[in-house]
Amino acid sequence: MKKSINKNIANWSYDIYQVLSQNNAKQIAYVPDAGHKELIEYCENNKSMKMVSLTSEEEGLGLLAGAWLGGEKGVLLMQSSGVGNCINAIASITRACDFPLLMLITMRGEWNEFNPWQVPMGQATEKVLEALNVVTTRCNKIEEISDAVSAMLGLAYKSNCISAVLLSQRLIGAKSFKE
Amino acid sequence: MNNYELNRRYVISELLKNRKDNLVINGLGGTCWDVASLGDNKLNFYVWGGMGNASMIGLGLALSQPNKKIIVVTGDGEMLMGLGSLVTIAVKKPKNLAIVVFDNELYGETGNQKTHTAYGVDLSEIAMGSGIKNSKILQSKTDLKILSEDINQINELSFTQIKINNELGETVLPIREGPYIKSRFRETLLGKEALLE
């Protein structure tokens, strides 16, 4: 079971990687999540992508604002709890200056979640993003992901929006603490 | 009350007098007024909010513009809120980034409450421990003169904590509309075509 989940993740992770690569996303900022593992590895293997491991997700908002000031696109990878760490920076930097931003968020705290400490922030994630006027689309199926990432990246960088793709826990699979 | 030799407006004028076309990012509050006190410059990105993120804006800019020098000028309170960014920046080690912290040991915009540096927290040691080898603390005119000669040309990531007294200069407010500051900066740095993408 575990292997088949990882194979799925590897496939759609490669789809996301291709969209990022084809659209010239250069700065890949992330706080790792198991759901982003394969995507991070694909990006690491592309020498034209600059990987920036963050100590906290909010650093990514400053980083990607600076990247755009210098003419580079980027993306912020995180899990849903990271949205909570980003709130003021999204509002007070990205929104205040109309910087473009794409966030790819793997969801916790919803589909068959084992860890109750993940549920409150997971359930609040979409409401928090809505309060910040982030354009959000949710992917529940693998075949939706590539188009969604492409469209949200376009919205961000063509129209100065803040956009987010939520990769649902149903899609990724609930984290197992027993394997 | 602290009695350091250096005054913040003297420091900013020394620090940026040889900036040429170097790119300058300030932290919110006092260092924003300090940068503005030297006159407007289209290659200043005036940060008015997002406390704790000034150095990260500097990192993103440094990575995207490796042939330009980026100088981040921020305060001790702003830096303290983003200490994690020192670790992140140290890992990337951009040679074209200089971080300078004006340390008056106070939250100057909110009633002069003491910051952690007033109790001995040494930001330059934290930067050094993070892996920024060129990290130092200075508090004399002589050391400032050396810094102002070095900072606009050295090809190495650096962190400098400058102890300043709490004399305030005149509050000089720069433009504050974020989208305009951003687009003006991009047009000046990248050319008009950057706005047509």
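Note on naming: letters A, B, ... go to the chains in the order of the sequence lines (proteins, then strands), and numbering restarts at 1 for each one.
Of the atoms belonging to B/Phe45, it is side-chain heavy atoms, and not backbone ones, that fall under 4.5 Å from chain A. Using a 4.5 Å cut-off between heavy atoms, A/Ser56 does not touch chain B at all. Heavy-atom distances place both the backbone and the side chain of A/Glu59 under 4.5 Å from chain B. Of the atoms belonging to A/Leu64, not a single heavy atom falls under 4.5 Å from chain B. With a 4.5 Å cut-off on non-hydrogen atoms, A/Asp98 touches chain B through its backbone and its side chain both.
In terms of non-hydrogen atom pairs under 4.5 Å with chain B, the most contact-rich of A/Ala96, A/Ala89, A/Ala65 is A/Ala96. Per-residue counts of heavy-atom pairs under 4.5 Å with chain A were compared for B/Gly49, B/Ala54, B/Pro179, B/Ser55; the largest is that of B/Pro179. Across A/Leu63, A/Thr55, A/Leu61, the residue that shares the most heavy-atom pairs under 4.5 angstrom with chain B is A/Leu63. Put simply, of B/Ala62, B/Gly178, B/Gly60, the one with the most heavy-atom pairs under 4.5 Å next to chain A is B/Gly60.
For the residue pair A/Tyr157 and A/Asn23, no side-chain donor N or O sits within less than 3.5 Å of a side-chain acceptor on the partner. Side-chain contact of A/Glu113 with A/Gln118: a donor-acceptor pair under 3.5 Å is absent, judged by distance alone.
Contact annotation: the side chain of B/Val73 approaches that of B/Leu15 to within less than 4.5 Å [non-hydrogen atoms, C-beta and beyond]. Proximity of B/Ser64 to B/Leu61: side-chain heavy atoms (C-beta onward) are separated by under 4.5 Å at one or more points. Using a 4.5 Å heavy-atom cutoff, the side chains of B/Thr117 and B/Gln161 are in contact. Counting only heavy atoms from C-beta outward, the side chains of A/Tyr30 and A/Met51 approach each other to under 4.5 Å.
Residues from residues 27-42 of chain B never place a non-hydrogen atom less than 4.5 Å from a non-hydrogen atom of chain A. For residues 183-197 of chain B, heavy-atom neighbours of chain A at less than 4.5 Å comprise B/Phe185, B/Arg186, B/Leu189, B/Leu190, B/Glu197, sorted by residue number. At a heavy-atom cut-off of under 4.5 Å, chain A is reached by no residue from residues 136-160 of chain B. Listed by sequence position, B/Gly84, B/Ser85, B/Val87, B/Thr88, B/Lys92 are the residues of residues 79-105 of chain B in contact with chain A, using a 4.5 angstrom heavy-atom cutoff.
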Are B/Arg9 and B/Glu167 close enough, and set up right, to give a salt bridge (charged side-chain N to carboxylate O under 4.0 Å, His left out), and what steps lead you there? CA-CA 9 Å; B/Arg9 292 296 161 85; B/Glu167 290 167 29; over 6 Å; no

What do the steps show when you test B/Tyr4 against B/Asn166 for side-chain hydrogen bond (donor to acceptor under 3.5 Å, both in side chains), and what is the final call? CA-CA 8 Å; B/Tyr4 295 109; B/Asn166 50 11; over 6 Å; no

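With salt bridges taken as basic N to acidic carboxylate O contacts below 4.0 Å, one links A/Arg138 and A/Glu110.
Residues B/Val172 and B/Tyr180 do not share a hydrophobic cluster, clusters being chains of Ile/Leu/Val/Met/Phe/Trp/Tyr side chains in contact below 4.5 Å. B/Leu168 and B/Val11 end up in different hydrophobic clusters when Ile, Leu, Val, Met, Phe, Trp and Tyr side chains are linked at under 4.5 Å. One hydrophobic cluster, built from ILVMFWY side chains closer than 4.5 Å, cannot hold both A/Trp111 and A/Trp117; they sit in different ones. If you chain together hydrophobic residues whose side chains sit under 4.5 Å apart, B/Met128 and B/Ile126 never meet in one group.
For the atom pair A/Gln18 CD and A/Ser13 OG, the distance stands at 12.0 Å (nearest 0.5 Å). To the nearest 0.5 Å, the span separating CD on A/Glu57 from CD1 on A/Ile105 amounts to 10.0 Å. Remark: B/Lys68 NZ to B/Leu23 CG distance equals 6.0 Å, nearest 0.5 Å. Considering CD1 of A/Ile93 and CG of B/Asn53, their distance stands at 4.0 Å, rounded to 0.5 Å. Taking CG of A/Leu101 as the reference point, atom CD1 of A/Ile90 lies at 6.5 Å (rounded to 0.5 Å).
Other residues, nucleotides and ligands contribute only 12 or fewer heavy atoms inside 6.0 Å of the CZ atom of A/Arg170. In the displayed structure, B/Glu109 atom CD is contacted under 6.0 Å by more than 12 heavy atoms of other residues, nucleotides or ligands.
Pairing each heavy atom of A/Arg95 with each of A/Val134, the nearest pair is NH2-N, 4.1 Å.
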